[in-house]
Amino acid sequence: MLVVGYLHKLIRHTAAVRQEFDHPVTSSFFGTIGISILLLSSVVASYSSGAQWLMWSIGVAVTLALSAVMIGRLLNGNAAPASVAPAWLIAGVGSLDIVVTGGGLPGRWAREINLLAAAIGGVSALVFFVLIFSRLVHQAPMADAMRPSKMILMAPFAVGFVAYVNLVQTVDRFAALLFYFGLFLFVIIAWRLVRKPPPFSLSWWAIGFPMAALSSAALNYAGAVGGLGLELLAVTLLIVLSLTIVALAIRSLCAMAEVRA
């Protein structure tokens with residue numbers, strides 16, 4: 001449905017799509033196209049390994065191409081400090097999702113692609129995290145509509161945990177450090193959003209993917225380490241995520257109904 005809707009927009013409003021792709025902030029969200037294809041490849045894996053390989057390969061190509069475009073633009077210089085936004089992390093996190101969805105695939109070339117993606121995603125996510133953190137500390141506060149996107153700051157650590165575990169096939173102490181720092185950021189950002197929530201807008205959906213990544217990381221960590229406390233934490237995060245997605249869907253449908261009315 002989203003693909004058909006956006007293709008319709010591309011045909012009917014080409015200039016608007018081009019403007020979004022050239023914008024220093026909204027262009028980052030094009031990276032979610034490749035991420036979505038990669039995640040769907042894991043879904044279809046239970047039904048067809050051939051379809052999984054095809055979708056994963058397409059997702060890899062799209063993700064790496066968009067990452068190269070987005071990162072290459074930044075190297076041109078003259079980026080305004082105010083344009084630095086958490087959405088910039090999507091370029092790095094997208095590459096990590098290649099490993100999240102393909103880390104267990106057999107074949108030497110798949111292993112090398114996963115290593116390439118881990119290198120691109122890990123280093124670029126670290127660099128962007130520092131840039132964004134510096135902007136949040138030293139520049140004016142973000143507009144209310146952009147505040148929910150701060151949750152993306154947690155994504156490199158939650159997604160990085162899953163990618164790292166898939167790559168090394170074990171949950172070691174480094175993986176634990178990634179998980180717990182992601183959890184730490186989630187608590188801080190979630191508390192600030194709950195204590196002083198901005199008005200609802202579609203930008204609230206920016207909290208969904210990072211929370212899903214943290215929930216997945218918590219389930220994996222609890223499964224590997226064990227313990228009632230970790231299991232309760234993982235279940236709690238999954239419940240919070242599910243309720244959040246339901247709430248966002250209802251609020252979005254209500255907003256759409258109001259616009260049509």
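Throughout, numbering of the chain's residues begins at 1 and tracks the sequence. Computed from a predicted model, the values in this text were never measured in an experiment.
When all heavy atoms of A234 and L219 are compared, the pair lying nearest together is CB-CD2, 3.7 Å. Closest approach of W204 and P197 over heavy atoms only: CZ2-CB, 4.2 Å. In terms of heavy atoms, L230 sits closest to A222 at O-CB, 3.6 Å.
No single ILVMFWY cluster, assembled from side-chain heavy atoms under 4.5 Å apart, contains both L214 and L243.
The closest donor-acceptor contact from the side chain of H23 to the backbone of T26 lies under 3.5 Å. The main-chain N or O of V240 is found under 3.5 Å from a side-chain atom of T244 such that the two form a donor-acceptor pair. Of the possible polar contacts, one joining the S36 side chain to the T32 backbone as a donor-acceptor pair under 3.5 Å is found. Of the possible donor and acceptor atoms, none in the side chain of N166 sits under 3.5 Å from a partner among the backbone N and O of G104. Using a distance-only test at 3.5 Å, with no hydrogens or angles considered, no donor-acceptor pair links the side chain of W205 to the main chain of I245.
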Practice prompt. List the steps, then state whether side chain to side chain contact (heavy atoms under 4.5 Å, CB included) holds for V171 with F179.
Written response: CA-CA 10 Å; V171 176; F179 169 69; over 6 Å; no

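The local environment of CD in Q139 is crowded, with over 12 non-hydrogen atoms from other residues, nucleotides or ligands closer than 6.0 Å. Atom CG of L75 is surrounded by more than 12 heavy atoms from other residues, nucleotides or ligands within 6.0 Å. The environment of Y6 atom OH is dense: over 12 non-hydrogen atoms of other residues, nucleotides or ligands sit within 6.0 angstrom.
Expressed to the nearest 0.5 Å, how far CZ of F30 lies from CE of M70 amounts to 7.0 Å. Taking CZ of R135 as the reference point, atom NE2 of H138 lies at 11.5 Å (rounded to 0.5 Å). In this structure, I71 CD1 and S124 OG are separated by 4.5 Å, a value rounded to the nearest 0.5 Å.
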Between side-chain atoms of residues 145-165 and protein atoms elsewhere (two or more places apart, or another chain), which donor-acceptor pairs fall under 3.5 Å?
{"residue": "R147", "atom": "NH1", "partner": "K196", "partner atom": "O", "Å": "2.8"}
{"residue": "R147", "atom": "NH2", "partner": "R192", "partner atom": "O", "Å": "3.3"}
{"residue": "R147", "atom": "NH2", "partner": "K196", "partner atom": "O", "Å": "2.7"}
{"residue": "S149", "atom": "OG", "partner": "M146", "partner atom": "O", "Å": "2.5"}
{"residue": "Y164", "atom": "OH", "partner": "D172", "partner atom": "OD2", "Å": "2.6"}

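Residue I113 shares its hydrophobic cluster (ILVMFWY side chains chained together at separations under 4.5 Å) with L38, W53, W56, V60, L64, I98, L105, W109, L116, I120.
In this view, F29 satisfies the ring pair (Phe, Tyr, Trp, His ring centres under 6.0 Å) rule with no residue, not counting sequence neighbours.
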